[in-house]
> 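Take a look at this one; I'll ask things after.
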Amino acid sequence: MQYNFNEIEAKWQKYWAENQTFKASNSTDKPKYYVLDMFPYPSGAGLHVGHPLGYIASDIYARYKRHQGFNVLHPQGYDSFGLPAEQYAIQTGQHPAVTTETNVTRYREQLDKIGFSFDWAREVRTSNADYYKHTQWIFIQLYNSWYNNDSKKAEDIATLIALFETSGNTTVNAVCDEDIQSFTAEAWNAFSDKEQQQILLQYRLTFLAETEVNWCPALGTVLANDEIVNGVSERGGHEVVRKKMTQWSMRISAYAERLLNGIDYNQDSLDWTDSIKEIQRNWIGKSVGASVTFNVNDHDATIEVFTTRPDTIFGVSFMTLAPEHELVSQIVTNEQKDAVNAYIESTSKRSERERMADVKTISGVFTGAYAEHPFTKESIPVWIGDYVLASYGTGAVMAVPCGDQRDYDFAKHFDIAIPNILEGVDISEAANADKSVKIANSDFLNGLNAKKAGKLAIYKLEELGQGIGKTQYRLRDAVFSRQRYWGEPFPVYYKDGMPQMIDAAHLPIKLPEVEKYLPTETGEPPLGNATDWAWCTTTNEVVSNDKINNETVFSLELNTMPGWAGSSWYMFRYMDSQNEGEFANKEMLDYWGNVDLYIGGSEHATGHLLYSRFWTKFLHDRGFLSVDEPFKKMINQGMILGTSAFVYEFSWMTQSNGEGDFGMNSDKMPSFFITKSKYDKIVKGDVEEIEKTKSFYEKTLNEIFPNSEISACEEIQLAPKHVDVALVNASDELDIDGFKNWRAYYANAKFITEDDGTLKVGREVEKMSKSKYNVVNPDEICERYGADTLRLYEMFLGPLEQAKPWNTAGITGVHNFLKKLWKLYVDDNGLKVTDAEPTKENLKTLHKTIKKVSEDIENFSFNTSVSTFMICVNELTAQKCSAKEILEPLAVLMAPYAPHIAEELWAQLGSTNSVSEAAFPIFDEKHLVESSKNYPVSFNGKMRFMLELPLDMGKDDIEKTVMADERTQKQLDGRTPKKVIIVPGKIINLVG
RNA sequence: GCUGAAGUGGUGGAAUUGGUAGACACGUUGGACUUAAAAUCCAAUGUCCAUUAGGACGUACGGGUUCAAGUCCCGUCUUCAGUACCA
C-alpha cells in the first residue's frame with residue numbers, strides 16, 4: 001500500500017470538519033490555552049507559501065497543547081475591511097462586500113488544504129454587521145469616558161460632569177486637550193448645553209477636534225502616524241501632506257505611561273521579543289524634563305521650549321525656532337527680514353523627508369531678536385534653523401552647545417558663544433560627557449551632578465513662574481476618521497453641529513449602499529453619495545436624506561473608522577463569537593482571559609499591537625474585561641523570501657549584407673539565451689567563449705534568414721531575465737519546452753546550453769512577488785507533495801523568527817521522509833506493525849525523540865524537531881522496528897507536525913478516535929541510560945581517536961587505560977604528557 | 001548616526017551549559033535496478049596535500065583568555081532589521 005497523501009489528507013480534513021474535532025469547549029474542567037494568529041486581510045492574490053508559516057507554527061503548538069490535555073482555543077477569521085477591495089470597487093463598480101466574499105472563499109479553500117486545527121465555528125469577519133455592531137459599541141463607550149489621572153484609569157463621563165457641577169474643572173486631574181479654560185461650578189451650570197458639550201469633547205477618550213492631520217491626496221484620506229513610512233503612505237508610497245481637518249481622534253496618549261509600564265514593569269511581564277518591546281518604547285518615546293518659558297526682549301511674547309536637560313540652563317547661548325514657528329514673523333527685525341524670509345522660502349521647498357535625510361548640512365538664520373535668560377537675565381539671540389522640527393514638541397529649543405552635539409555644531413558654524421558649564425571637560429567633548437560630571441559656571445547649580453541640578457533648576461524655574469517639570473511623549477493621539485467607504489460607519493449623527501451618539505440599543509448602524517465609491521463632487525467622503533443616510537430620532541432608524549429637518553431627523557457621520565478599529569478587539573470576540581447582545585459574555589471572557597500565544601509579523605509593532613493594548617486597557621478600566629493586556633506571549637515569524645530564477649538573454653547589433661529577408665522586427669527573429677556557467681565566463685571577459693557565442697549567433701541567424709548574409713557587430717548585450725520558478729528543476733535546469741510555451745515571444749528562442757545539453761539558470765533571493773515570477777502557491781505544493789510535506793518543509797527551512805528563502809527544490813527531502821515513515825508501518829501487504837517486544841535500541845530511539853521534540857516545541861524550535869524525526873525514522877528503519885509499542889507513540893509525536901498521516905497511521909493501528917485525543921508520549925529517562933561512553937581523545941585540543949570506556953570508570957583508571965592504548969603512545973611519540981584533562985562522560989585531553 | 005540581531009561547506013541550516021564543528025536535508029559525483037527514463041536503494045561529499053597510512057588548514061577578519069573557543073573578552077569589517085535632527 002502506497003503513501004497516498006491526497007486521499008489521506010482529503011479523508012481526514014473531511015473527518016475533522018464533520019466531527020468538529022477542534023471545537024473549543026466553553027465549559028470544561030480542563031485548563032484553557034488560547035493560541036491566536038494575526039488574522040489575515042483576504043487579498044485577491046490569495047496565499048503564497050510565505051503566508052501559512054506562522055499558522056503552521058501556531059497549529060503545531062495548538063495541537064501539542066491538546067495532546068497535553070488543554071482545552072485549546074485556536075480560532076481564525078478575517079480582517080475584511082480595507083483599501084484594496086474599495087479600490088477595486090472604484091475601478092469596477094463591484095461592491096466591496098462581493099469582492100471580500102470571493103476572496104474569503106478562496107482563502108478558506110487554501111487554508112483548509114493545509115489541515116489547520118482551527119475552530120471555524122468561531123470565525124469572525126470585521127466587515128460583518130454582527131461584528132462591527134460591537135466595534136461601534138466600543139466606540140460609544142470611549143466617547144462616554146474620560147481619563148482620570150488621579151485614579152489612573154478611564155471613568156464614565158458622568159463622574160466628570162458630576163465634578164464639574166460641584167467644583168468646576170480646577171480640581172479635576174484629567175487627560176484632556178491643551179489650552180483648556182478654567183471654570184467654576186457656577187460657570188459650568190450657567191453654560192448652555194452646547195457649550196457644555198464642547199467642553200466635554202475636550203475630555204472624552206474619543207473626541208472630535210480640528211487637528212493637523214496627515215492627508216494623502218492620492219488615496220483621498222487621512223492616515224495615522226503608523227501608516228506613514230519614510231514620509232510616504234505605507235500603502236502605495238504616495239505623498240503625504242499636513243492639513244487641518246475636523247476628525248475623530250482616540251486619546252491614546254492618556255495611556256502612554258501604562259502602555260510603557262505594561263511592557264516590562266508589570267508582575268508577569270509580557271513575553272515578547274526585546275526588539276518589539278524596544279520598538280514600542282521608542283514609539284511611545286517618553287522624555288522627562290521641563291518646559292521653560294523665555295521672554296522675548298522688546299516684544300509681548302514668550303518662547304516655550306521643552307528640554308530634557310534643565311540642569312544645563314546656564315549653558316544656553318542661543319535659541320532656535322523651527323522656520324515654520326508662528327512667532328518668527330512677529331519677532332524678526334527689519335534688518336533680518338529678507339534673510340529670514342529667504343530661508344523660510346528655501347526650507348519650505350524641501351520636503352520633510354529631504355530635511356530628515358540631510359543631517360549633515362547646518363543651516364539657519366538669525367532673526368535679529370533676543371530672548372531673556374530666566375536666571376541671568378542676559379540677552380540670548382534667537383535663530384531659526386531647520387534642524388528644529390515644527391511637528392515635535394513646541395517647535396523651539398533652548399540651545400546648549402555644551403550639552404547637545406547639534407547645538408554645538410550650530411554654534412560653531414555660526415560663531416555663536418559656547419560657554420562651558422562642565423567641570424574639567426573639554427568643550428569639544430562636552431556633548432558626550434557623562435551625567436555624573438559636576439556642573440560649573442552655573443550660579444546655584446555649581447558642583448551638582450546632572451540629576452540633582454535638574455531638580456533644583458526646575459524648582460527655581462517654578463518659583464519664577466517660568467517653567468515646570470514635564471514629561472513628554474512622542475506618542476500622539478490617533479486620528480480615527482477615514483474618508484473611505486469600506487469601513488465601519490460611526491454610530492453618530494449631528495445636531496446643531498455637535499456629534500450625538502446613537503443609543504447602543506439601535507446598533508448596528510449598517511453601511512449604506514452608494515452609487516459610487518469615490519468622494520462626492522463637493523469633496524465629501526464616499527458616504528456623502530448615500531441617499532439614505534440620516535437618523536430619525538423618533539423611529540430610531542436610518543432614513544432617507546430628504547427627511548432631514550434638524551429637529552427629529554439629522555444627518556449621519558460621513559467618515560468611517562480606520563482599519564485598526566476592528567482588529568483592536570477581535571481576540572476577545574473569538575471567546576464568544578456568536579453573542580448578539582454583547583461583544584462577549586463576561587463569563588467567557590473571564591474563562592479565556594488573554595491570548596496565551598500570539599503569532600504574527602513584527603510589522604504591526606507600532607500599529608495593531610499598540611492599539612489593541614490601548615483598547616484592552618480601556619475595556620479593563622470600564623469593567624468589561626478582567627485582563628489588562630491582550631497578548632501574554634508573542635512570537636514573530638520571519639518572512640519567507642523567494643528564490644528567483646534567471647535566464648540570460650544575449651544579442652549583438654547585427655548587420656545584414658544586401659536586401660535579403662532579414663529583419664530585426666521579423667516574427668522569425670528569435671531570442672537567444674545562454675546557460676549560467678557560460679554567461680559567467682562572458683561577464684568575466686573570456687575571449688574564447690565570446691567568440692563561440694558570437695559565431696553561434698551568426699550561424700543561427702543565417703540559417704533562419706537564408707536569403708541574407710548576416711554578421712554580428714558591436715558589443716554583446718547581456719540581460720538577465722526573471723523566469724518562472726515553476727519551469728526550473730532542483731538542479732537549476734530550465735524546462736526548455738515549458739519555457740518556449742511560457743511566452744509567445746520565446747516560442748522560437750535559441751539556447752546555448754551546457755555541454756550535457758541542459759540550460760542552467762541563475763538564482764537570487766528576493767522578496768516573493770508576482771513580478772519576479774518567484775511566487776510559490778501552497779495549493780500546488782499540497783497537490784504534488786501533500787499538506788503534511790508542506791507543513792514539515794516550512795518548519796524545516798530554518799528558525800521560525802528568521803527570514804529565509806523558499807526553494808521548492810529541497811522539498812523532496814521531507815517528502816521522502818514521510819514516505820519512509822509510512823513504510824515503517826505499512827508495506828505492500830498492508831499493516832506490518834506487530835506486538836513484538838521492542839528492543840533496547842528501539843526504546844532508546846523513541847525516548848530520545850520524545851525528549852528532543854518536547855523541548856523543541858516548548859522552545860518553538862520546529863526546524864530541529866523535523867531533523868529529529870528524520871533521525872528517528874532512519875534509525876528505526878535500520879533497526880527494522882515493527883513494534884506497536886514504539887510506532888504508536890511515534891504517530892502521536894508526529895501528529896502536531898504532520899496531522900493527516902498521523903491520523904491515518906493511528907487509524908491503521910486500530911484506534912477509532914482521532915489521534916488529536918491521544919495523550920502526548922511521556923519521556924522516560926531510564927531508556928537513555930548508558931553503561932559506556934565513546935570518549936573522544938584529544939592531544940593538545942585536537943581530537944585524534946575515539947575510545948570506548950565504561951561510564952562508571954574513575955579518572956585514574958581512565959588515565960591508565962588511555963596511556964596504555966597504542967594509539968596514545970603513537971601520538972605521544974615518546975613524550976610524557978604534562979597534563980591529562982579528564983571530564984568524565986565528556987572528553988579526554990592530553991597536553992604536552 | 002544610534003539601537004538590535006546576525007556572519008558556519010556549493011545551498012538551507014545544526015551544534016541548548018566552553019568539551020568530537022558541519023547533525024538533518026538539498027545539490028553534486030559514482031554505483032545498483034531498468035531497454036530507457038522516472039522512482040527507489042547504496043556509497044562518497046568542508047578545503048588543501050598524500051597512492052594509502054595519514055597530515056595541514058578551517059565557523060567574516062585581527063588579537064586575547066583557556067587544557068579546550070563557532071560559543072567567552074577586546075578591536076575591525078560586512079549584512080539584515082528597526083529608528084532617525086525627539087531638543
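Side chains are part of it too, since the values below use all heavy atoms of this structure and drop only hydrogens, waters and symmetry mates. Residue numbering restarts at 1 for every chain, and letters A, B, ... go by the order of the sequence lines.
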> Could you tell me the separation between the NZ atom of A/K955 and the P atom of B/rG19, rounded to a whole number of Å?
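Those two atoms, NZ and P, are 17 Å apart.
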> List the protein contact pattern of nucleotides 1-12 of chain B with one symbol per nucleotide (5' to 3'): B for base contact, S for sugar-phosphate-only contact, - for none; contact means a heavy-atom distance under 4.0 Å.
-----------B
> Considering heavy-atom distances to RNA chain B, does A/N859 or A/L990 have its closest nucleotide positioned more toward the 5' end?
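That would be A/N859.
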> Suppose we define a pair by two distances each less than 3.5 Å, Watson-Crick or G-U wobble; what does B/rA23 pair with here?
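Its partner: none found.
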> Which base, if any, makes a Watson-Crick or G-U wobble pair with B/rU78, both distances under 3.5 Å?
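Partner of B/rU78: B/rA6.
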> Are A/K678 and A/E754 ion-paired here, with the side-chain N under 4.0 Å from a carboxylate O?
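No, no charged N to carboxylate O under 4.0 Å.
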> When the C1' atoms of B/rC67 and B/rU8 are compared, how many Å lie between them, rounded to an integer?
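To the nearest whole Å, 25 Å.
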> What's the closest nucleotide to the side chain of A/I871 if the choices are B/rA23, B/rU20, B/rA25?
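Selected nucleotide (nearest to the side chain): B/rA23.
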> Does OP1 or OP2 of B/rA87 have a side-chain N or O of A/S287 closer than 4.0 Å?
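For A/S287, the contact criterion (side-chain N or O under 4.0 Å from OP1 or OP2 of B/rA87) is met.
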> If you only use heavy atoms from C-beta on, which nucleotide in B/rA25, B/rG19, B/rG55 is closest to the side chain of A/R944?
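Between B/rA25, B/rG19, B/rG55, the one nearest the side chain of A/R944 would be B/rG55.
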> Expressed as a whole number of angstroms, how long is the span from A/R967:CZ to B/rA53:P?
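After rounding, the reported distance stands at 16 Å.
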> Separation of A/K277 atom NZ from B/rU83 atom C1', in whole Å?
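Atom NZ in A/K277 sits about 19 Å away from atom C1' in B/rU83.
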> For the C1' atoms, the ones on B/rA44 and on B/rA37, what distance do you get once it is rounded to whole angstrom?
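My reading of the C1' atoms in B/rA44 and B/rA37 gives 24 Å.
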> Take the protein atom OH of A/Y785 and the nucleotide atom P of B/rA39, then report the distance between them rounded to whole Å.
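Nearest whole value for this atom pair: 9 Å.
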> Name the pairing partner of B/rU51, where a pair is Watson-Crick or G-U wobble with both distances under 3.5 Å, or state none.
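With both distances under 3.5 Å required, B/rU51 matches none.
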> If pairing requires Watson-Crick or G-U wobble contacts with both distances under 3.5 Å, which nucleotide is the partner of B/rA36?
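Base partner found: none.
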> Apply ring-ring contact (aromatic ring centres under 6.0 Å, His included) to A/F796 and list each qualifying residue two or more places apart in sequence or on a separate chain.
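A/F796: no ring-ring contact (aromatic ring centres under 6.0 Å, His included) contacts found.
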> With both distances under 3.5 Å as the test, what is the Watson-Crick or G-U wobble partner of B/rU71?
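Base-paired to nothing in any strand shown.
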> With ring pair (Phe, Tyr, Trp, His ring centres under 6.0 Å) as the test, would you mind laying out the steps for A/F5 and A/W822 before giving the verdict?
CA-CA 10 Å; A/F5 49 88; A/W822 180 260; over 10 Å; no
> Taking atom P in both B/rC85 and B/rG19, compute the distance separating them and give it to the nearest angstrom.
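It works out to 45 Å between them.
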> Is the distance between the ring centroids of A/Y897 and A/F869 less than 6.0 Å?
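Ring centroids of A/Y897 and A/F869 are less than 6.0 Å from each other.
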> Which nucleotide in the list B/rC85, B/rG19, B/rU20 gets nearest to the side chain of A/K986?
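Out of B/rC85, B/rG19, B/rU20, the nucleotide with an atom closest to A/K986's side chain is B/rG19.
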> Do A/K852 and A/E855 sit within salt-bridge range, that is, some charged N less than 4.0 Å from a carboxylate O?
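No salt bridge links A/K852 with A/E855.
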> Has A/N934 got a side-chain N or O lying under 4.0 Å from the OP1 or OP2 atom of B/rU20?
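So the side-chain polar atoms of A/N934 never come under 4.0 Å of the phosphate oxygens OP1 or OP2 of B/rU20.
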> Which nucleotide wins on minimum distance to the side chain of A/M943, given the candidates B/rU16, B/rG19, B/rU20?
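Out of B/rU16, B/rG19, B/rU20, the nucleotide with an atom closest to A/M943's side chain is B/rU20.
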> My understanding is that a pair needs two contacts under 3.5 Å, Watson-Crick or G-U wobble. By that rule, which nucleotide pairs with B/rC41?
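B/rC41 is paired, partner B/rG31.
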> Using atom P in both nucleotides, what's the gap between B/rG22 and B/rA14 to the nearest angstrom?
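Per the computed distance, 15 Å lies between those P atoms.
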> Applying the Watson-Crick and G-U wobble criteria at under 3.5 Å, what pairs with B/rC85? Answer none if nothing qualifies.
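Across any shown strand, B/rC85 pairs with none.
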> A/T864 side chain: which of B/rC86, B/rA68, B/rA15 is closest?
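So the nucleotide nearest the side chain must be B/rA15.
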> Which way is the base of B/rG9 turned, syn or anti, if we draw the line at 90° from 0?
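With its glycosidic angle within 90° of zero, B/rG9 counts as syn.
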> Nearest whole angstrom, please: distance from the C1' of B/rC85 to the CD1 of A/I362.
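For the pair A/I362 CD1 and B/rC85 C1', the rounded distance is 11 Å.
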> Given B/rA14, B/rC67, B/rU40, which nucleotide is nearest the side-chain atoms of A/P799?
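Closest nucleotide among those given: B/rA14.
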> Rounded to whole Å, how long is the line connecting atom CG of A/N636 with atom C1' of B/rA81?
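Those two atoms, CG and C1', are 12 Å apart.
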> Check salt bridge (Lys or Arg N to Asp or Glu O under 4.0 Å) between A/K848 and all other residues, then give those that pass, not counting sequence neighbours.
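For A/K848 the salt bridge (Lys or Arg N to Asp or Glu O under 4.0 Å) partners, ignoring immediate neighbours, are A/E875.
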> Would you kindly give the CG-to-P distance between A/D404 and B/rA87, to the nearest whole Å?
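Computing the A/D404:CG to B/rA87:P distance gives 9 Å.
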> Applying salt bridge (Lys or Arg N to Asp or Glu O under 4.0 Å), name anything that partners A/D407, two or more places apart in sequence or on another chain.
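Partners of A/D407 under the salt bridge (Lys or Arg N to Asp or Glu O under 4.0 Å) test: none.
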> Take atom P in B/rC86 and the same atom in B/rC80, then report the distance between them in whole Å.
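After rounding to an integer number of Å, I get 25 Å for this pair.
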> Answer yes or no: does a side-chain N or O of A/R474 lie under 4.0 Å from OP1 or OP2 of B/rA84?
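For B/rA84, OP1 or OP2 has a side-chain N or O of A/R474 closer than 4.0 Å.
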> C1' atom, B/rU71 versus B/rU20: distance in rounded Å?
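Result for the C1' pair: 15 Å, nearest Å.
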> Mind checking the P distance from B/rG75 to B/rU3? Whole angstroms is fine.
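It works out to 13 Å between them.
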> Can you say whether a donor on the side chain of A/K852 sits under 3.5 Å from an acceptor on the base of B/rU16, or the other way round?
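It does, because a donor-acceptor pair links the side chain of A/K852 to the base of B/rU16 below 3.5 Å.
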> Using salt bridge (Lys or Arg N to Asp or Glu O under 4.0 Å) as the criterion, list what pairs up with A/E764, not counting sequence neighbours.
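A/E764 satisfies salt bridge (Lys or Arg N to Asp or Glu O under 4.0 Å) with no other residue.
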> Return all side-chain donor-acceptor pairs below 3.5 angstrom for residues 287-294 of chain A, not counting sequence neighbours, or 'none' if the list is empty.
| from | atom 1 | to | atom 2 | distance (Å) |
| --- | --- | --- | --- | --- |
| A/S291 | OG | A/E304 | OE2 | 2.8 |

> Return the orientation label for the A/F410 and A/F414 ring planes: parallel under 30°, perpendicular over 60°, tilted otherwise.
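Tilted.
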> Using the C1' atom as the reference point in each nucleotide, state the distance between B/rC24 and B/rG9 in Å, no decimals.
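Taking atom C1' in both B/rC24 and B/rG9, they lie 14 Å apart.
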> Starting at the 5' end of RNA chain B, which residue's closest nucleotide do you reach first, A/M870 or A/V991?
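Checking each residue's closest nucleotide, the 5'-ward one belongs to A/M870.
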> Take the protein atom CG of A/N874 and the nucleotide atom P of B/rC24, then report the distance between them rounded to whole Å.
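Result: 8 Å.
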> From C-beta outward on A/T812, which listed nucleotide comes closest to its side chain: B/rC67, B/rA14, B/rC26?
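Side chain of A/T812 sits closest to B/rC26.
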